Amino acid sequence: MPDTKPTLMVIDGHSLAFRAFFALPLDNFVNSEGQHTNAIHGFISMLLLILKNERPTHLAVAFDISRFSFRTREFAEYKGTRAETPPEFKGQIPLLEEALQAMGIRTISKEDFEADDILATLAKRGVADGMQVLVVSGDRDTIQLVNGDVTLLYPSARGVSELKRYTPDTVRERYGIEPHQYPEIAALVGETSDNLQGIDKVGEKTAVKWVQQWGTVDEILAHADEIKGVVGNNLREQQDRALRNRRLNRLVDDVELPIGPLDLARQPIDEGKVRELFSQRLQFRTLLDRVLAQEGSGAEGEIAPAANAPKAPAVHTMVDEELATWLERQSGDVAVHLERTGDALAGIGLSTEASSAYVPYQAGTGDYDALVAWLAGDHPKVLHDAKLQRRWLWAAGLELEGVVLDTRIAAWLVAPTALAKTYELDHQVFAILGEAMPKPDPTQLVPDVEPSATATIAWYVSRIAGPLRANLDPGTLGVESDIELPLQPVLTRMENAGVAIDDTVLARIHATMREKADGHARDAFAEIGHEVNLGSPKQLQTVLFDELGMPKTRATKTGYSTDAKSLADLQESSPHAFLGLLLQHREATKLMQIIETLQKGIGPDARIRTTYDQTGSNTGRLSSNDPNLQNIPIRTDVSREIRTAFVHGEGFETLLTADYSQIEMRIMAHLSEDAGLIEAFHSGEDLHRFVGSRVFGVDPADVTPLMRTKVKAMSYGLAYGLSAFGLSKQLRIPQSEAKQLMLEYFSRFGGVRDYLRGVVMQAKDDGYTTTIFGRRRPFPDLHSANRVLRENAERQALNSPIQGSAADIIKRAMLAIDAQMLEEGLRSRMLLQVHDELVFEVAAGELDRMTEIVREGMGGAADLSVPLDVAVGVGPNWDAAGH
DNA sequence: TGTATAACGTA
DNA sequence: CGTACGTTATACAC
């Protein structure tokens with residue numbers, strides 16, 4: 001016979017959320033504001049599963065209001081052994097309650113009572129109202145609630161997603177007693193997690209035996225005289241404990257509540273609120289999907305369009321006059337999105353929030369004059385990843401001007417620390433609008449190209465543009481419009497230009513390195529008597545620590561380090577020819593590998609092209625990839641040879657490199673307004689010599705190389721948050737000496753210390769740091785209770801304005817130089833940016849003028865209280881031009 | 001086939 | 001126990 005009784009489910013929210021908190025990694029669940037969400041995610045995920053399996057008709061989640069209740073008043077140490085609730089957890093509870101409410105689920109709490117008392121009360125009243133009751137709790141005390149109408153679902157040790165069912169039968173089977181007797185046992189045995197001490201030497205077996213014989217603690221104590229031995233003595237002496245425990249673990253089942261079981265009938269979710277909360281604040285993409293699916297408003301596996309989501313305007317496919325008319329009619333921002341088939345431009349989508357147009361593009365097949373002029377004109381346009389799309393347009397011979405917002409850049413500027421994928425359009429659409437963008441059917445091998453798709457994508461761009469822009473503070477808006485957007489065409493010119501490579505140089509070095517590597521490998525194998533894979537840290541560990549019995553090095557996650565520094569240390573402590581051969585082999589193979597990577601990137605025109613990622617860093621720097629040209633070796637003589645392969649192309653006269661000297665120290669001098677450091681940069685004296693003379697109290701001429709090394713390490717380390725410990729390690733000096741050095745340094749350059757401290761304090765207050773030009777970086781972890789996280793955030797926070805301002809400055813320099821080159825119609829080209837360095841290819845006859853433009857552009861990129869020093873070099877290849 | 005780790009190149 | 005990046009090979013899970 002089907003069970004037609006209504007089913008009431010009551011959940012202990014706190015205990016289950018707490019389990020979820022420890023079951024899911026904290027770091028993987030953080031929203032862009034730094035709010036942790038792992039407990040919320042785990043709880044809701046589990047809740048959905050239970051709801052699906054149990055299908056309750058009535059539902060409530062109970063929460064503790066605080067850790068204090070009538071129990072702590074009776075026994076102050078109740079639950080006293082519990083560690084302070086992690087703040088990362090605490091902050092999640094209000095949000096969880098909000099989410100549950102949005103999902104139409106009642107949350108209940110009651111001053112002075114614990115959640116379990118609410119559960120007990122609702123369970124009892126539910127049964128009285130003729131309901132089946134399911135209690136969901138991670139607290140064993142709730143076993144006492146189990147009876148023929150009440151089942152307990154208890155999370156198993158294996159994780160939150162598996163729940164064990166406690167019915168009267170399973171309780172009998174597990175404990176040999178009736179469920180209502182469980183607290184008698186718990187009172188005798190004690191409960192460590194509640195800080196309730198039991199009777200010494202009484203474990204579960206003894207307690208069960210007594211309860212089976214006498215039934216309750218009271219009765220057992222009445223017969224205490226009959227119990228022999230040590231446990232009998234203990235029981236008589238410690239009976240107060242048992243009585244107290246029994247009082248405390250009895251759940252109160254008549255708590256006064258504003259609502260009863262019958263008020264808890266399942267409610268429909270508030271779809272708008274759920275969408276808003278899950279997409280914007282919690283950033284749970286798949287969970288939202290599941291919540292909505294459960295509600296029956298959409299199929300599993302895809303997010304239903306929001307009930308109130310605007311429908312995409314019909315797309316008009318246009319050419320000729322119709323298109324011209326449409327373009328003329330637009331007064332505000334228009335979103336543009338391109339479509340390609342293969343490498344060819346195939347179509348252009350144009351959209352405002354109200355109107356969409358699609359232009360199939362095939363050069364020479366129609367009249368595109370109006371569109372081409374419009375794209376090249378200053379009508380305001382919005383694109384997602386405008387740098388990429390401009391590149392596509394340029395490839396088709398079309399210009400693009402008037403870009404007023406790049407939604408990808410804007411997303412990065414407000415959250416530069418987020419995962420790369422969160423800057424993708426579909427993520428932004430979901431985060432801002434709570435809507436899933438339509439995706440091509442993945443089961444179609446050749447996806448149908450809906451004529452509407454490209455314009456509809458543009459429509460989504462146009463809809464996120466407003467909210468994104470509204471989200472930008474004036475400083476960030478300035479960075480977007482004055483730095484990042486104008487930089488895009490400059491970067492694209494650089495990417496398109498590439499840099500000429502002399503492959504014969506690379507091939508020669510590669511061959512030399514191959515010989516070296518092979519020889520060193522052979523000799524290394526001879527040393528140990530067998531072959532190993534020298535590229536495998538795991539195999540090397542076996543050789544070094546097992547076979548050769550060398551002392552253990554720095555621990556890594558998987559064993560002991562075999563990095564170059566560890567090997568060098570080993571060579572000192574326990575010299576072995578194998579070590580040196582291994583190091584040399586590493587160096588040779590590393591260079592081979594670098595060369596091979598470069599060779600793969602050489603185009604048919606003998607030039608190599610990188611892609612700059614404008615959203616690739618947390619600080620505002622560019623990153624370079626595919627291949628990365630910002631980490632070409634320079635430090636050793638052999639490795640520098642690789643740079644001789646970077647040459648000027650045919651028709652050009654030379655390479656020119658220009659780099660900022662000590663730009664980060666100069667920025668520190670400017671920001672800190674430290675008089676000593678500012679003087680250092682105005683004095684014309686070598687910076688480290690000047691600082692050394694101050695720190696060691698000698699004439700600049702008497703600063704020894706050792707002194708210079710020390711202050712140099714200190715100066716550079718400053719901007720990274722270097723500690724005395726780190727300084728001592730780097731300089732191989734005692735920690736006390738490092739500390740002394742820092743003290744001396746700061747006694748002469750106290751402004752620097754004050755500034756660095758101030759940056760962190762300001763960031764703690766504001767929640768973010770700011771560069772000279774207004775670029776922000778948020779730092780949620782500055783308030784973390786986790787020391788490692790917090791101190792990491794502190795170092796990042798003190799470094800960010802420095803590194804970020806340097807990034808701003810060189811970007812501004814690039815803009816100025818590019819503009820000047822264009823204005824003068826020069827043929828020379830900017831090729832590379834390596835954080836504080838620019839590389840140019842100089843056309844015949846332009847060297848003198850280029851040198852001036854570069855010096856002026858870089859030197860004048862910021863107005864600091866110290867000069868920006870620029871070092872320029874010229875030569876046939878990157879090595880020769882460098883310094 | 002994809003992911004994590006160790007290692008190492010740059011500013 | 002010094003910031004910011006990208007790429008590679010190996011090892012291992014699937």
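Order of the sequence lines sets the chain letters (A, B, ...), proteins ahead of strands, with each chain counted from 1. Small disclaimer: the values here were computed from a predicted structure and weren't measured.
Within residues 549-569 of chain A, no residue has any heavy atom closer than 4.0 Å to DNA chain C.
Partners of Tyr716(A) under the ring pair (Phe, Tyr, Trp, His ring centres under 6.0 Å) rule, at least two apart in sequence or in another chain, are His688(A). Shown here are the salt bridge (Lys or Arg N to Asp or Glu O under 4.0 Å) partners of Asp426(A), two or more places apart in sequence or in another chain: Arg285(A). Residues meeting the side-chain hydrogen bond (donor to acceptor under 3.5 Å, both in side chains) test with Glu480(A), sequence neighbours left out: none. Shown here are the side-chain hydrogen bond (donor to acceptor under 3.5 Å, both in side chains) partners of Arg643(A), two or more places apart in sequence or in another chain: there are none. By the side-chain hydrogen bond (donor to acceptor under 3.5 Å, both in side chains) test, Thr476(A) pairs with Asp473(A), sequence neighbours left out.
Summarising the geometry, the separation between CE on Met668(A) and P on dG2(C) is reported as 15 Å, rounded to the nearest angstrom. Look at OH on Tyr612(A): it is 21 Å from P on dA4(C), rounded to the nearest Å.
Each ring-ring contact (aromatic ring centres under 6.0 Å, His included) pair with one or both residues in residues 758-797 of chain A, not counting sequence neighbours, would appear here, but there are none. Pairs passing the side-chain hydrogen bond (donor to acceptor under 3.5 Å, both in side chains) check and including a residue from residues 717-734 of chain A, sequence neighbours excluded, read Asp569(A)-Arg732(A). The ring-ring contact (aromatic ring centres under 6.0 Å, His included) pairs that include a residue from residues 542-572 of chain A are Phe545(A)-Tyr560(A), where partners are two or more places apart or lie in different chains.
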Pairs: protein N or O with nucleotides 12-14 of chain C N or O, under 3.5 Å:
from: dC12(C); atom 1: OP1; to: Lys538(A); atom 2: NZ; distance (Å): 3.0

Kindly give the atom pairs (protein nitrogen or oxygen, nucleotide nitrogen or oxygen) under 3.5 Å for nucleotides 9-11 of chain B.
from: dG9(B); atom 1: N2; to: Asn631(A); atom 2: ND2; distance (Å): 3.3
from: dG9(B); atom 1: N3; to: Asn631(A); atom 2: ND2; distance (Å): 3.0
from: dT10(B); atom 1: OP1; to: Ile634(A); atom 2: N; distance (Å): 2.6
from: dT10(B); atom 1: OP1; to: Arg635(A); atom 2: N; distance (Å): 2.8
from: dT10(B); atom 1: OP2; to: Arg635(A); atom 2: NE; distance (Å): 3.3
from: dA11(B); atom 1: OP2; to: Arg635(A); atom 2: NH2; distance (Å): 3.4
from: dA11(B); atom 1: O3'; to: Val834(A); atom 2: O; distance (Å): 3.4
from: dA11(B); atom 1: O3'; to: Asp836(A); atom 2: N; distance (Å): 3.2
from: dA11(B); atom 1: O3'; to: Asp836(A); atom 2: OD1; distance (Å): 2.8
from: dA11(B); atom 1: O3'; to: Asp836(A); atom 2: OD2; distance (Å): 3.2
from: dA11(B); atom 1: N3; to: Arg621(A); atom 2: NH1; distance (Å): 3.1
from: dA11(B); atom 1: N3; to: Arg621(A); atom 2: NH2; distance (Å): 3.4

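Of the N and O atoms on the side chains of Arg408(A) and Thr615(A), at least one donor lies less than 3.5 Å from an acceptor on the other residue.
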Please tabulate, for side-chain N and O atoms in residues 736-743 of chain A, each donor-acceptor pair with protein atoms closer than 3.5 Å (sequence neighbours left out).
from: Glu737(A); atom 1: OE2; to: Lys710(A); atom 2: NZ; distance (Å): 2.7
from: Gln740(A); atom 1: NE2; to: Glu744(A); atom 2: OE2; distance (Å): 3.4

